[in-house]
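Report on the following structure.
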Amino acid sequence: MDVFWSRGYHGTALPDLLRATKLSRGSLYAAFGDKHSLFLRALDRYIADALARMEFEFDPRKDPIDGLRTYLAGYVERTSGSSGRRGCLLVATAMELGGQDAEIGRRVAGFFRAMEGRVADALSRAKAAGQLADGVEPASAARILVCFVEGLRVTGKTAPARATSQATADALLDRFIR
């Protein structure tokens, strides 16, 4: 996963994968099939890790606004400094392969739908608790927040100041809550 994340799909060559996995060519192909299959498994792991993190952040036993703040703070952290410069495997994959590879496009779109669903659920719980501003619809606000955090992933490549990103995240969320 790290090799693909650092180099991209097309920039990753078989020798890179052999070094990273410490497998011979035959063992790599026996274990994972081809480069594409290995990439799909790496992408699936990245997605599973992100979804697990969101399950924790949006734990229904916690206050939904606190969960949203934790979710946004996590993105601010991951898009700051060297982490931000590294970027996001999912965003890089969407840009490199999303329009060319139907299977990858499905995975990326599925992840964005899942993320949006988790955010919308937290916003719906906040609305039921009377914590959302008048007129805020959870589905629309969720789409805006997902677009925002993915935009943070892109702008993070330019190493914005963490404080600036956090202030922007706070200002956006404050538009949605009471």
Side-chain angles (χ1 to χ4, degrees), residues 1-2 5 40-99 102-178:
M1 185 172 74
D2 285 336
W5 196 349
L40 290 175
R41 289 189 53 184
L43 189 61
D44 288 344
R45 177 177 168 203
Y46 188 88
I47 290 169
D49 289 350
L51 293 175
R53 185 177 55 249
M54 281 185 272
E55 289 299 318
F56 174 77
E57 292 164 344
F58 295 127
D59 184 333
R61 295 170 296 191
K62 296 179 185 175
D63 178 75
I65 299 300
D66 289 344
L68 288 161
R69 288 198 189 285
T70 300
Y71 166 76
L72 290 172
Y75 270 90
V76 167
E77 183 64 33
R78 287 186 295 280
T79 59
S80 299
S82 60
S83 295
R85 281 190 201 95
R86 185 175 192 200
C88 171
L89 176 61
L90 199 76
V91 169
T93 297
M95 299 302 294
E96 182 182 9
L97 300 169
E103 186 56 36
I104 287 173
R106 277 191 294 279
R107 279 175 162 83
V108 170
F111 173 74
F112 288 145
R113 278 191 308 276
M115 184 191 310
E116 198 172 303
R118 284 165 174 78
V119 173
D121 180 62
L123 288 163
S124 292
R125 289 187 293 115
K127 185 173 187 170
Q131 296 173 307
L132 289 190
D134 292 338
V136 173
E137 289 303 318
S140 296
R143 166 107 359 122
I144 290 166
L145 288 169
V146 168
C147 288
F148 172 75
V149 297
E150 295 310 325
L152 278 179
R153 290 297 216 169
V154 174
T155 60
K157 298 287 272 182
T158 66
R162 186 184 191 291
T164 302
S165 294
Q166 186 63 59
T168 306
D170 291 342
L172 178 60
L173 186 58
D174 288 347
R175 300 275 182 200
F176 298 138
I177 61 176
R178 290 186 189 267

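Values below: all heavy atoms of this structure, side chains included; hydrogens, waters and symmetry mates excluded. These numbers were taken from a predicted model, which means no experiment stands behind them.
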Please check if the number of heavy atoms outside Arg53 that lie under 6.0 Å from its CZ is greater than 12.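 Yes, CZ of Arg53 has more than 12 neighbouring heavy atoms, counting only those of other groups under 6.0 Å.
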
Test of understanding: with side chain to side chain contact (heavy atoms under 4.5 Å, CB included), list the residues that count as partners of [X], not counting sequence neighbours.
X: Phe148; value: Leu72, Leu152, Thr168, Ala169, Leu172
X: Arg45; value: Met1, Asp49
X: Lys157; value: none
X: Glu96; value: Tyr9, His10

Of all heavy-atom pairs between [X] and [Y], which one has the smallest distance, and what is that distance?
X: Ala42; Y: Leu89; result: O-CD2, 4.5 Å
X: Ala142; Y: Leu123; result: N-CD1, 3.5 Å
X: Ala120; Y: Ala139; result: CB-CA, 4.4 Å
X: Pro64; Y: Ala122; result: CB-O, 3.2 Å
X: Cys88; Y: Tyr46; result: SG-OH, 3.3 Å

Per the salt bridge (charged side-chain N to carboxylate O under 4.0 Å, His left out) rule, what does the pair list look like for residues 142-156, sequence neighbours excluded?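 As it turns out, the salt bridge (charged side-chain N to carboxylate O under 4.0 Å, His left out) pairs with a partner in residues 142-156, which skip direct neighbours, are Glu116-Arg143.
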
Quick test of your reading: applying salt bridge (charged side-chain N to carboxylate O under 4.0 Å, His left out), list the pairs with at least one residue in residues 119-140, sequence neighbours left out, ordered by first then second residue.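 Sorted pair list: Asp121-Arg125, Lys127-Glu137, Asp134-Arg178.
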
Sequence neighbours left out, what pairs pass ring pair (Phe, Tyr, Trp, His ring centres under 6.0 Å) with at least one residue falling in residues 49-69?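 Non-adjacent pairs meeting ring pair (Phe, Tyr, Trp, His ring centres under 6.0 Å): Phe58-Tyr71.
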
Can you list everything that forms a ring pair (Phe, Tyr, Trp, His ring centres under 6.0 Å) with Phe111? Sequence neighbours excluded, please.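 In terms of ring pair (Phe, Tyr, Trp, His ring centres under 6.0 Å), with neighbours along the sequence ignored, Phe111 is linked to no residue.
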
Please name all residues satisfying ring pair (Phe, Tyr, Trp, His ring centres under 6.0 Å) with Phe176, sequence neighbours left out, ordered by chain then number.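 Checked Phe176 against ring pair (Phe, Tyr, Trp, His ring centres under 6.0 Å); zero matches.
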
Do Arg78 and Arg86 have side chains that get closer than 4.5 Å, going by heavy atoms?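 SC-SC contact between Arg78 and Arg86 ruled out.
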
Side chain to side chain donor-acceptor pair (under 3.5 Å) with Arg61: which residues, sequence neighbours excluded?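 Arg61 satisfies side chain to side chain donor-acceptor pair (under 3.5 Å) with Asp59 only.
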
Contacts of type side chain to side chain donor-acceptor pair (under 3.5 Å), residue Arg85, not counting sequence neighbours: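 If we apply the side chain to side chain donor-acceptor pair (under 3.5 Å) test to Arg85, skipping adjacent residues, there are no hits.
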
Leu173 side, atom CG; Asp170 side, atom CG - distance, nearest 0.5 Å: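 It is 7.5 Å, given to the nearest 0.5 Å.
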
How many angstroms lie between atom CG of Leu97 and atom CZ of Arg107, to the nearest 0.5 angstrom?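 Interatomic distance, Leu97 CG to Arg107 CZ, rounded to 0.5 Å: 12.5 Å.
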
Could you point out which residue of Val149, Leu51, Ile47, Leu145 forms a side chain to side chain contact (heavy atoms under 4.5 Å, CB included) with Met115?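 Going through the options one by one, the only one that passes is Val149.
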
Could you work out, with salt bridge (Lys or Arg N to Asp or Glu O under 4.0 Å) as the rule, every residue matching Arg162, not counting sequence neighbours?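 In terms of salt bridge (Lys or Arg N to Asp or Glu O under 4.0 Å), with neighbours along the sequence ignored, Arg162 is linked to Glu77.
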
Arg69/Asp63 salt bridge by N-O under 4.0 Å criterion: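 The answer is no: the pair does not qualify as a salt bridge.
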
